[in-house]
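Residue numbering restarts at 1 for every chain, and letters A, B, ... go by the order of the sequence lines. Treat the numbers as computed from the prediction; the structure is a model and nothing was measured.
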Protein chains: 2
Amino acid sequence: MLNLKNEKIPRATIGRLSLYVQQLEILEQQGEKVISSEKLAKICGVNPSQIRKDLAYFGEFGVRGVGYYIYELKQAIKKSLGLDRIWKVVLVGVGNLGRALLRHNVLIKRGFIVVGAFDCDPFKIGEEIAGLEVMCSSNLPQKIKELDAEIGIITTPQERAQRAANYLIKGGIKGIVNFAPARITVPSHIVVEYVDFINHLFSTAFQISLNQAKGMYS
Amino acid sequence: MLNLKNEKIPRATIGRLSLYVQQLEILEQQGEKVISSEKLAKICGVNPSQIRKDLAYFGEFGVRGVGYYIYELKQAIKKSLGLDRIWKVVLVGVGNLGRALLRHNVLIKRGFIVVGAFDCDPFKIGEEIAGLEVMCSSNLPQKIKELDAEIGIITTPQERAQRAANYLIKGGIKGIVNFAPARITVPSHIVVEYVDFINHLFSTAFQISLNQAKGMYS
DNA sequence: CAGTGTGAATATCTTCACAGCA
DNA sequence: TGCTGTGAAGATATTCACACTG
């Protein structure tokens, strides 16, 4: 159950909370118990007030004069984001990227369990990857209900992304994370997030070009 | 060579330009020649003025009363971003994700050629993936120079990200795209971009939880 | 007294609205 | 006439600065 003040939360805040959770987990592993917004800010590369503001959307988790108890803060953030439970996910498109995600333990580590893998290529159907048998995409609508999945990950090529989305929608999916370089159209009650890592390469290349133009490497 | 007005470009603009390029390429494949900011906006899911403003940072590419010539616009954006050439990239960390990126043709399609793959695991060194022989990470500093790479992609586990970064820095890398869930410290003249797709899953889960709290599915 | 929580100030980003050009 | 390019307005996001508290 979400517990939040009835302000709306900036998109950017959500992205950072994810970062905080990850860094808090690392600190926890290192045996740290308490951290100040200033130190956490340094680790995350953001401004300390930013952190305090971000957290304030959800409640008061800190102790004045002390800081934040790491374990409690992590739990509080996860609860605030609705991450205090397992989310069932189906993945559509078992290419290189899809396989990597299926085998990547980061999903399960963060509470996302892939309960079904789908592809439309007959050569891939039946193959077993990371303990899952690849199923035919056209079974998606029915399987989503059977498997009780709420989130769909699309890792198809660009031209098949919309079709994958259509299957997911028909199955009653609640949210889609789209790794394909294509916009998709969905009913407004379905959440869509786009993951586009090429733009980070573009951005890096651009910034390097800027530095070069400034004569930084000459 | 970059050609831009000497304003500074919003970060968010760069991210969208990447999106425009991809959509323009799709339109081009579909045989379209001209497009208005309004139509492109609809395709990209943004506001038309946004597109015009984004483009205005780099010059005047449109024709009033007509729109934008797709091919010319795409070229102009790529040139503006410094993407009118091939960028040589090295990849460090040949796990599931690293392999997927090496085999993923999207990199080369966008002008990024991986010229070297590195790992510190003796079992992986020597293995051939996508035509590249995996080399020992400790050779990075020397190899980066030999191969003339400018961008490093880090796909190691979290705890080895900083070491990978150190090797890259020693080799004189100009930019780093870090897929590992860890912040890294680098000298200020080196560009760093973080790719964190877990945050999109977090964000999706959170928004679904919000919808549920609003009783949207009840 | 160290460090949170927060209103107020600033900076940044987005959208509007319309002048101006093909 | 239709659509771009752009200043001005509006909306968001970030940072500052300090009152407040354990």
Side-chain angles (χ1 to χ4, degrees), chain A residues 3-20 24 27 32-74 76-77 80 199 203 206-207, chain B residues 3-20 24 27 32-74 76-77 80 199 203 206-207:
Chain A
N3 93 25
L4 43 91
K5 308 179 176 180
N6 43 10
E7 274 171 278
K8 81 170 175 328
I9 322 282
R11 252 195 115 52
T13 291
I14 306 300
R16 281 189 300 266
L17 288 171
S18 156
L19 175 60
Y20 304 158
L24 288 169
L27 288 164
E32 302 289 326
K33 297 287 177 223
V34 184
I35 193 160
S36 66
S37 61
E38 181 152 1
K39 285 202 188 112
L40 183 57
K42 187 156 283 172
I43 293 171
C44 296
V46 304
N47 181 294
S49 337
Q50 182 93 82
I51 291 188
R52 299 202 297 274
K53 257 265 141 93
D54 286 340
L55 298 178
Y57 285 108
F58 298 96
E60 306 197 359
F61 305 124
V63 183
R64 290 165 197 238
V66 178
Y68 302 89
Y69 289 102
I70 291 174
Y71 177 79
E72 280 73 17
L73 180 57
K74 190 196 72 179
I77 297 177
S80 301
N199 94 47
S203 186
F206 173 61
Q207 290 173 72
Chain B
N3 90 26
L4 43 91
K5 309 177 176 181
N6 42 10
E7 274 171 278
K8 80 170 176 327
I9 322 282
R11 254 196 112 53
T13 291
I14 306 300
R16 283 189 300 267
L17 287 170
S18 157
L19 175 60
Y20 304 157
L24 288 169
L27 287 163
E32 301 290 325
K33 297 289 178 222
V34 184
I35 194 162
S36 65
S37 59
E38 180 152 3
K39 284 201 188 114
L40 183 57
K42 186 156 284 173
I43 294 170
C44 296
V46 303
N47 182 294
S49 335
Q50 182 92 83
I51 291 188
R52 299 202 296 274
K53 215 115 285 150
D54 285 341
L55 299 177
Y57 285 108
F58 299 96
E60 306 198 358
F61 306 125
V63 182
R64 289 164 197 237
V66 178
Y68 301 89
Y69 290 101
I70 291 173
Y71 177 79
E72 280 73 18
L73 180 58
K74 190 195 70 179
I77 298 176
S80 300
N199 94 46
S203 186
F206 172 62
Q207 291 173 71

query = Which one, C/dT14, C/dG7, D/dG22, comes nearest to the side chain of B/Ala12?
reply =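 It is C/dT14.
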
message = Among D/dA13, D/dT21, D/dG5, which nucleotide has an atom closest to any side-chain atom of A/Arg64?
response =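 Closest nucleotide among those given: D/dT21.
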
key: Flag if over 12 foreign heavy atoms under 6.0 Å of CD, B/Glu32   =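 For B/Glu32, atom CD is crowded (more than 12 foreign heavy atoms under 6.0 Å).
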
Please state how far atom [atom1] in [X] lies from atom [atom2] in [N], giving the value in whole angstrom units.
X: B/Glu60; N: C/dG20; atom1: CD; atom2: P; value: 14 Å
X: B/Arg11; N: C/dT14; atom1: CZ; atom2: P; value: 13 Å
X: A/Ile9; N: D/dT14; atom1: CD1; atom2: P; value: 13 Å
X: A/Leu55; N: C/dT6; atom1: CG; atom2: C1'; value: 13 Å
X: B/Glu38; N: C/dT15; atom1: CD; atom2: P; value: 14 Å
X: B/Arg52; N: C/dC18; atom1: CZ; atom2: P; value: 14 Å
X: A/Gln50; N: D/dA13; atom1: CD; atom2: C1'; value: 7 Å
X: A/Phe58; N: C/dT6; atom1: CZ; atom2: P; value: 14 Å

task = Classify the side chain of B/Lys53 versus the base of C/dT15 as yes if they form a donor-acceptor pair under 3.5 Å and no if they do not.
result =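 Between C/dT15 and B/Lys53, which were checked side chain against base, a qualifying N/O pair under 3.5 Å is present.
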
query = Looking only at atom types and distance, does a side-chain atom of A/Ser80 sit under 3.5 Å from a main-chain N or O of A/Ala76, one as donor and one as acceptor?
reply =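 Yes.
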
inquiry  = Has A/Gln207 got a side-chain atom pairing as donor or acceptor with A/Ser203's backbone, closer than 3.5 angstrom?
reply    =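 Judged by distance alone, yes, a pair lies under 3.5 Å.
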
query = Contact class for B/Ser36 vs. all strands (heavy atom < 4.0 Å): base, sugar-phosphate, or nothing?
reply =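 The residue B/Ser36 makes sugar-phosphate contact but no base contact.
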
message = Using a heavy-atom cut-off of 4.0 Å across all strands, would you classify B/Ser37 as base, sugar-phosphate, or nothing?
response =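 It contacts sugar-phosphate atoms only.
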
Nearest atoms (heavy-atom pairs only) where B/Leu55 meets B/Phe61 =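 Minimum heavy-atom separation between B/Leu55 and B/Phe61: O-CE1, 3.7 Å.
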
OP1 or OP2 of [N] sitting under 4.0 Å from any side-chain N/O of [X]?
X: A/Tyr68; N: C/dA2; answer: no
X: B/Tyr69; N: D/dT4; answer: no
X: A/Arg16; N: D/dT14; answer: yes

Criterion side-chain contact (heavy atoms from CB on, under 4.5 Å) against B/Ile35, the qualifying member of B/Ile51, B/Leu40, B/Val66 =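 It is B/Leu40; the other options fail the test.
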
inquiry  = If you assign each of B/Ile35 and A/Val66 to its closest nucleotide in DNA chain D, which residue comes earlier from the 5' end?
reply    =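 Between the two, 5'-proximity favours B/Ile35.
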
request  = Please figure out whether B/Gly62 or A/Ser49 has its closest DNA chain D nucleotide nearer the 5' end.
outcome  =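 By nearest-heavy-atom nucleotide position, the 5'-most residue is B/Gly62.
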
